[in-house]
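Counting starts at 1 for both ligands and their atoms, in listed order. All figures in this text were calculated on a predicted structure; none of them were measured in a lab.
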Amino acid sequence: MSATAAASKLLSRRVTCNSHGQESSYFLGWLEYERNPYHPLSNPSGIIQMGLAENQLSLDLLETWLADHPESTDFKKAADEAASSSLFRDLALFQDYHGLPAFKQALADYMSELRGNRVSFDPKKLVLTAGATSANEILAFCLADPGDAFLIPTPYYPGFDRDLKWRTGANIVPIHCSSSNGFRITRHALEQAYKDAVLKRKLRVKGVLVTNPSNPLGTTMTPDELRTLADFIEDKKSLHLICDEIYYGTNFLSPASFISIKQVVDGRPRLSDRVHIVCSLSKDLGLPGFRVGAIYSDNELVVAAATKMSSFGLVSSQTQHLLSAMLGDRDFTRSYTAENKRRLRERQRQMIEGLGNTGIECLESNAGLFCWVDMRHLLAKTGCFEAEMELWKKIVYDVGLNISPGSSCHCSEPGWFRLCFANMTEATLDLAMHRLRNFVERDEAIRRSQRRPLGPATIARWVRRLSSKRRPLMQLSR
Ligand SMILES: Cc1ncc(COP(=O)(O)O)c(C=O)c1O
């Protein structure tokens with residue numbers, strides 16, 4: 001037994017079990033990046049981080065606001081006109097877990113504004129959490145007992161394995177979605193996942209979790225999809241629906257048809273007790289380091305339980321204080337959101353164009369900080385998940401790009417990868433696309449040299465196969 005294995009025997013089963021997902025290629029890629037990070041001057045041949053869904057495109061807007069509002073971080077001033085104590089003293093002393101009322105009001109208003117003020121949020125139904133990570137785990141704790149299951153459409157954000165399963169002991173059962181319809185959720189796929197959980201795995205299903213807009217797809221759910229989902233939850237009577245809407249403000253193509261689950265629920269009061277929304281400022285405002293998230297629910301019991309649980313991951317008082325001023329400045333939030341979306345749209349275009357020049361397509365997307373990229377044609381002949389890992393390793397080690405393989409997102413089809421575009425400069429993205437292009441051209445030259453001349457029978461077989469199996473080009477963009 002190795003020294004590490006022996007030492008870990010002294011720890012709890014919970015922390016040493018492997019449901020955390022840390023061994024996933026998603027996190028391994030980050031480690032590789034950290035060992036050899038690209039820097040234009042000090043390490044120009046290093047690995048470019050394309051596996052991190054971080055929004056660095058609009059930090060300058062936040063910095064300008066801070067420079068224009070020094071009072072928001074001036075903790076020495078008096079807490080109020082009549083007070084003898086300073087704001088610092090107020091913030092430094094105990095805050096209860098209900099959060100600062102001014103911040104909850106500002107956050108609720110900001111959430112409505114992002115959704116075009118078509119819905120409103122009541123601050124009393126908000127629970128503040130240390131990011132969406134904590135919000136999702138708290139909901140899993142509140143809704144499921146160890147051994148119970150949540151259904152999640154694939155491909156999904158790899159962090160959900162950690163957030164929903166690791167400490168709670170809950171399970172995730174995949175709702176298998178396919179590229180044949182652009183990975184949309186169907187009633188058939190929902191029923192199939194439910195049957196897999198209940199009949200095959202003998203699990204009690206407590207809910208469905210969806211991310212809208214989707215990480216890793218970068219797409220928003222259609223009203224039809226949301227209706228299908230709501231019907232399923234309503235029909236199954238005891239199921240909950242967790243809607244992770246942390247990318248809501250990144251919907252940069254703003255289709256009028258993009259709606260929040262809140263709009264669906266407002267029209268279906270019978271569902272309202274079983275639908276819970278997760279939001280955060282990590283993506284929309286690009287502040288993952290501030291650790292600000294929230295749960296919104298009409299269910300009073302869930303709000304009360306989640307509030308108690310939030311003690312383990314509160315948002316610090318000075319963060320709430322600063323952000324209540326920033327989010328309360330409606331002119332700023334409106335112009336920030338519009339400009340941020342414009343920058344994201346430009347970046348997505350740059351990536352699609354770069355990939356297109358290399359003959360690589362991606363799923364047509366309208367939101368998020370990444371593209372869902374189709375590299376099936378670059379897999380070795382077998383086209384299996386081993387081939388996907390082989391290609392991934394080449395891209396990380398030889399090309400110097402850390403991208404996330406579809407298998408780390410539990411995609412059912414090998415050959416898809418998530419590539420992030422908002423955590424680097426325009427020049428770095430250009431370099432990444434250039435590296436990828438060189439790799440693909442080299443790879444194609446090798447394949448060509450290995451190919452034997454084709455006989456007429458093989459050519460005829462190919463033509464027949466191509467005409468019967470056309471890919472859904474409508475859903476792919478270049
Ligand atoms: C879908 C989804 N949910 C939750 C999270 C965690 O976000 P936070 O930084 O707010 O904890 C992420 C982070 O990438 C995510 O993509």
Identify which one of V265, I259, I185 satisfies the side-chain contact (heavy atoms from CB on, under 4.5 Å) criterion when paired with L226. I259
When you measure from the heavy atoms of Y247 to every atom of ligand 1, does any distance fall below 4.0 Å? yes
Under 4.0 Å to a heavy atom of I246 - the qualifying atoms of ligand 1, by number: 2 (C), 3 (N), 4 (C), 5 (C), 7 (O), 12 (C), 15 (C)
In terms of atom number and element, which parts of ligand 1 are under 4.0 angstrom from non-hydrogen atoms of G131? 10 (O), 11 (O)
For E388 and P405, indicate whether the former's side chain and the latter's backbone hold a donor-acceptor pair under 3.5 Å. no
Out of all atoms in ligand 1, which are within 4.0 Å of some heavy atom of N215? Include the element for each. 15 (C), 16 (O)
Can you check whether L239's main-chain N or O pairs, donor with acceptor, with R274's side chain at less than 3.5 Å? yes
At what distance is the nearest protein heavy atom to atom 13 (C) of ligand 1, and which residue and atom is it? K283 NZ, 3.2 Å
Which of the atoms of ligand 1 are close to R291, meaning less than 4.0 Å from one of its heavy atoms? 8 (P), 9 (O), 11 (O)
Would the distance check show the side chain of S280 and the main-chain N or O of G293 forming a donor-acceptor pair, the cut-off being under 3.5 Å? no
Ligand 1 versus A53, non-hydrogen atoms closer than 4.0 Å: side chain, backbone, both, neither? neither
Under 4.0 Å between heavy atoms, the region of L281 that gets near ligand 1 turns out to be neither
Decide whether an N or O pair under 3.5 Å exists between A132 and ligand 1. yes
For T319, the side chain to side chain donor-acceptor pair (under 3.5 Å) test, sequence neighbours excluded, returns S316
Considering the heavy atoms of S280, write down every atom of ligand 1 situated less than 4.0 Å from one of them. 10 (O)
Please write down residue, atom name and distance for the protein heavy atom closest to atom 3 (N) of ligand 1. D244 OD2, 2.7 Å
Under a 4.0 Å heavy-atom limit, does T133 contact ligand 1 with its side chain, its backbone, both, or neither? both
F160 pairs by side-chain contact (heavy atoms from CB on, under 4.5 Å) with which of T133, N215, D244? D244
Determine yes or no for a side-chain-to-main-chain donor-acceptor pair under 3.5 angstrom, with R35 supplying the side chain and L31 the backbone. no
Between W65 and F332, how do the two ring planes meet: parallel, tilted or perpendicular, split at 30° and 60°? tilted
